[in-house]
**Q** 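Can you keep this structure in mind? I'll have questions shortly.
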Amino acid sequence: MALGLGNDSFGRVPFTRQASPFISVEIFKCRDQEHFKQIWSTNHNIRGNTRLGRNWDTIGEKLFHLFEASEELTPWTILSQWLENPELMPAELQGHHSDLNAYLTGEGIGFWETMQITRINDRINITLFRDDGTRAGSLDDGGLSDGQKNTAILALLFAHGTNPILIDQPEDELDSDFIYNQLVPLLRRVKHKRQIILATHNANIPVNGDCELLYALNTEMGKGILKAEGGLEKPHVKEAVLDIMEGSREAFRRRQEKYRF
């Protein structure tokens with residue numbers, strides 16, 4: 001069972017040039033396999049030298065895979081059906097029915113009762129699309145780079161909620177094109193609905209993001225020292241941004257000359 005991100009959230013998520021959201025989110029209810037393994041393997045007190053103990057992990061893997069392909073809300077429903085009717089078990093597991101049933105209705109009944117009231121975490125898959133609308137990859141298929149994962153997470157952070165948000169160097173692993181064309185416009189839209197506090201070395205973020213209060217810091221003896229504070233309309237703040245983020249007014253002027261067409 002998969003649920004997508006609501007349309008109201010997409011109103012605040014960056015779009016591709018094809019006018020479609022550049023991320024899609026699927027939520028698979030109770031399908032987090034790692035969490036299931038943790039529940040299945042913890043506190044069952046089965047001795048590893050018994051036949052059931054040697055095959056416990058295999059039974060769990062088969063159970064979860066069948067659950068993933070089913071419409072059941074929990075794997076415990078399937079396990080209950082197995083206990084009642086061994087013919088519902090995969091053929092390769094039917095030989096373990098008597099041991100499994102004896103354990104879960106006897107020595108392990110406390111473990112079984114705890115499992116039945118334990119909710120497995122949801123599995124979330126995020127798919128990222130390039131600016132031309134083509135698919136870049138997803139978390140499930142391992143096709144996303146660290147920068148692309150950061151991109152998707154940033155978009156989701158801004159898509160939900162109105163609480164203040166603090167982010168350290170959102171530009172890490174992101175290319176300049178995305179920062180200017182996607183992240184900066186997103187910041188300008190979201191800042192009217194929530195307080196955003198950013199630590200950054202990228203001038204595009206405070207300058208083109210219309211930062212309303214900027215603190216420029218220098219480092220002395222391993223400590224941050226305030227160099228300037230205020231809005232960019234203040235000359236001393238503007239000079240501090242030029243020095244720290246652009247390398248100085250002269251460095252900025254020389255780059256501007258290089259790029260001149």
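Only this structure's heavy atoms are used, side chains among them; waters, hydrogens and symmetry mates stay out.
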**Q** State plainly whether one hydrophobic cluster holds both V241 and F252, where clusters connect Ile, Leu, Val, Met, Phe, Trp and Tyr through side-chain heavy atoms under 4.5 angstrom apart.
**A** no
**Q** What distance separates Q195 CD from T162 OG1, expressed to the nearest 0.5 Å?
**A** 12.0 Å
**Q** Any chance you could lay out the side-chain contact (heavy atoms from CB on, under 4.5 Å) test for D32 and I124, step after step, and finish with the verdict?
**A** CA-CA 8 Å; D32 185 335; I124 298 175; over 6 Å; no
**Q** Of all the heavy-atom pairs spanning Y215 and E229, show the shortest one and how long it is.
**A** CE2-OE1, 3.5 Å
**Q** Considering only heavy atoms from C-beta outward, does the side chain of V237 approach that of K227 to under 4.5 Å?
**A** no
**Q** Measuring from atom CG of D122 to atom CD of E26, what distance do you get when rounded to the nearest 0.5 angstrom?
**A** 13.0 Å
**Q** For D140 and N125, indicate whether the former's side chain and the latter's backbone hold a donor-acceptor pair under 3.5 Å.
**A** no
**Q** So, H35 side chain and N121 main chain: donor-acceptor pair closer than 3.5 Å or not?
**A** yes
**Q** Ignoring hydrogens and angles, write down the donor-acceptor pairs under 3.5 Å from the side chains of residues 83-103, residues two or more places apart or on other chains.
**A**
residue, atom, partner, partner atom, Å
N85, OD1, E87, N, 3.1
E92, OE2, K62, NZ, 3.0
Q94, NE2, M89, O, 3.0
H97, NE2, W82, O, 3.2
H97, NE2, L83, O, 3.1
D99, OD2, R51, NE, 3.2
D99, OD2, R51, NH2, 3.1
Y103, OH, H44, O, 2.1
Y103, OH, N45, OD1, 3.0

**Q** Which atom names give the shortest non-hydrogen contact between K238 and L232, and what distance separates them?
**A** CE-O, 3.3 Å
**Q** Within the distance-only criterion (no hydrogens, no angle test), does the side chain of R54 pair as donor or acceptor with the backbone N or O of N49 below 3.5 angstrom?
**A** yes
**Q** Measure up the F111 and W56 rings against each other and bin them: parallel (under 30°), tilted (30 to 60°), perpendicular (over 60°).
**A** tilted
**Q** State, to 0.1 Å, how close P170 and A199 come at their nearest heavy-atom pair, and which atoms those are.
**A** CD-O, 3.7 Å
**Q** Applying ring pair (Phe, Tyr, Trp, His ring centres under 6.0 Å) between F36 and each of F64, F67, F28, report the one that passes.
**A** F64
**Q** Below 3.5 Å, can you tabulate the donor-acceptor pairs from side chains in residues 200-214 to any protein atom, sequence neighbours excluded?
**A**
residue, atom, partner, partner atom, Å
T200, OG1, E171, OE1, 2.9
T200, OG1, E171, OE2, 3.3
T200, OG1, N202, N, 3.0
H201, NE2, Q169, OE1, 3.4
N202, OD1, N204, N, 2.9
N204, OD1, N208, ND2, 2.6
D210, OD2, R188, NE, 3.4
D210, OD2, R188, NH2, 3.3

**Q** Taking all non-hydrogen atoms of both residues, which atom of L63 and which atom of I78 are closest, and how far apart?
**A** CD1-CG2, 3.7 Å
